[in-house]
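Below, chains carry the letters A, B, ... as their sequence lines are ordered, and counting in each starts from 1.
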2 protein chains.
Amino acid sequence: MNEVAATGISVLLVDDHPIVRQGYRRVLESQGDLHVVAEADNAADAYGAFKAHDPDVVVLDISMPGASGLEAIRNIRARSPRARILVFTMHNEAVLVKAAFGAGASGFVTKSSEPSAVVNAIRSVARGERAMSDDIAHVLAEDSLSPTGSVLDQLGEREIEILRQFAGGATTEEIAAHLNLSVKTVQNYHYLIKSKTGARTDAQLVRLAATCGLTRI
Amino acid sequence: MNEVAATGISVLLVDDHPIVRQGYRRVLESQGDLHVVAEADNAADAYGAFKAHDPDVVVLDISMPGASGLEAIRNIRARSPRARILVFTMHNEAVLVKAAFGAGASGFVTKSSEPSAVVNAIRSVARGERAMSDDIAHVLAEDSLSPTGSVLDQLGEREIEILRQFAGGATTEEIAAHLNLSVKTVQNYHYLIKSKTGARTDAQLVRLAATCGLTRI
DNA sequence: ATCCGGCTTGGGAAATTTGCCCGAGCTGCA
DNA sequence: TGCAGCTCGGGCAAATTTCCCAAGCCGGAT
């Protein structure tokens, strides 16, 4: 195994914007101990690049077209449980953070973070530690992170079905009719799902459902 | 007037993500003829920085918190009609592009563009030419041919901005705070957007925004 | 110059939904 | 047997949505 700790930390950059990758690359390389050994611009290529270069840390933006970034995390972790993945995105929704950690991410920093915070997060993740930026810690703190895995694992069958129909665009009445439930019960499930997943908005719920593959858009 | 053509092109960078600015700065500086003379992380500061440094080109991301990026473009152009503004964002929706040029932008390139395309666009804009990346030209071309305009064409600028933030997961209060509007007004827009687009559900609204490229999931 | 229409901004009030409490029946499991 | 969790719904105050309206502004048409 090539443990490159002595020579620095090798990084695989995954982001769909070329110039953004280019910028990150320069910022990271200027640190001295960080070396970008490969890049990928989509989730599908990410695992191939990971296999080919065995980087110490994968830095990836989960908001990419095509397959979900969460999928990429699961993909890499499933076959290489040692992989250290740092999610680096502009989103700071608790549901996404939990989903990312649930999928196997080692860290989560937002693009609002100072560059120094980002590079420190990379170093932390490379050492095997968990890392997150201050704003993420805040949203998670208010949310009381549950130690269970994927967000959907917290949901029962009924809850998932209602979430699917809701994210698909169905109204509360339609869902109630489809499932032969009272409107009140559907409303309660709606609320329950929100509190379980930490979504504070219907829109966040739809995004969650989409990132979990519950609905396609 | 300090025409700095002989010594290169001075650039003001406006983007709300520190590390992204840092990255752009390094990419641009490495070109030799491009010099980042100032940065701003929000629309409000952008004009101040513009006045203070009189850059040849303003490179700005229109998807920022606070006042809309379009607002910033109008702001700068209103007081300095000579200003050259290059919009640089991940969004590629035709309505946004048209709105940006309408507000006075000189160019529009997406973050999907190759770095070389971006720096060439900056040079073109500095020479007073109009510039846009290939993908933008493509969406504009298709848009002009399409008999059935996008659903988003029915929406005004404010409505689009609010839809984007809503679909991104922001609450009504957050949107109101971002745009300096009353909660009531945001609620009214929310309703207005629904009736205009025919969406009967928040979830449908999010899906609509996603299929129009207003938000990424 | 004037009017018309659309955008933007908000008020008001009724209708609906949310947020969060509760209990009850069911199942599986220890 | 008992506990835990899912499913289902009642209740009720608080918040939001829904829909109507008005006023200012601006651009285009007359």
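The line from NE2 of B:His35 to CD1 of B:Ile9 is 9.0 Å long, rounded to the nearest 0.5 Å. Summarising the geometry, atom OG1 belonging to B:Thr185 is positioned 9.5 Å from atom CZ belonging to B:Arg158; distances are rounded to the nearest 0.5 Å.
In this structure, B:Arg84 does not pair ionically with B:Glu129, as no charged nitrogen and carboxylate oxygen lie closer than 4.0 Å.
Position along DNA chain C of the nearest nucleotide to A:Lys184 versus B:Gly156 favours B:Gly156 as the more 5'-ward residue.
Rounded to an integer number of Å, the gap from CD1 of A:Ile162 to P of C:dT17 is 15 Å. Atom-to-atom, OH of B:Tyr191 to P of C:dC7 comes out at 16 Å; the value is rounded to the nearest Å. Distance A:Asn188 CG to C:dG23 P: 15 Å, rounded to the nearest Å. Spacing between atom CG of A:Asp202 and atom C1' of C:dT16 amounts to 14 Å, rounded to whole angstrom units. For B:Leu192 and D:dC19, the CG to P distance is 12 Å, given to the nearest whole Å. Rounded to whole Å, the distance from CD on A:Gln187 to P on D:dA14 is 18 Å. One atom, CD of B:Glu173, and another, C1' of D:dA14, lie 13 Å apart when rounded to the nearest Å. Rounded to whole Å, the distance from CZ on B:Arg158 to P on D:dC26 is 15 Å.
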Exercise for review: Could you go through the salt bridge (charged side-chain N to carboxylate O under 4.0 Å, His left out) check for A:Lys111 and B:Asp16 one step at a time?
Suggested key: CA-CA 9 Å; A:Lys111 291 187 179 178; B:Asp16 56 332; over 6 Å; no
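A donor and an acceptor atom never sit less than 3.5 Å apart when one is taken from the side chain of A:Lys194 and the other from the base of C:dG19.
An OP1 or OP2 oxygen of C:dT9 is reached within less than 4.0 angstrom by no side-chain nitrogen or oxygen of B:Thr185. Within the structure, every side-chain polar atom (N or O) of B:His190 is placed at least 4.0 Å from both OP1 and OP2 of D:dT16.
Separation of the B:Tyr24 and B:Phe88 ring centroids falls under the 6.0 Å cut-off.
Side-chain proximity of A:Tyr189 to D:dC8, C:dG10, C:dG19: nearest is D:dC8. The side chain of A:Leu181 lies closest to D:dC8, out of D:dT16, D:dC8, C:dT18.
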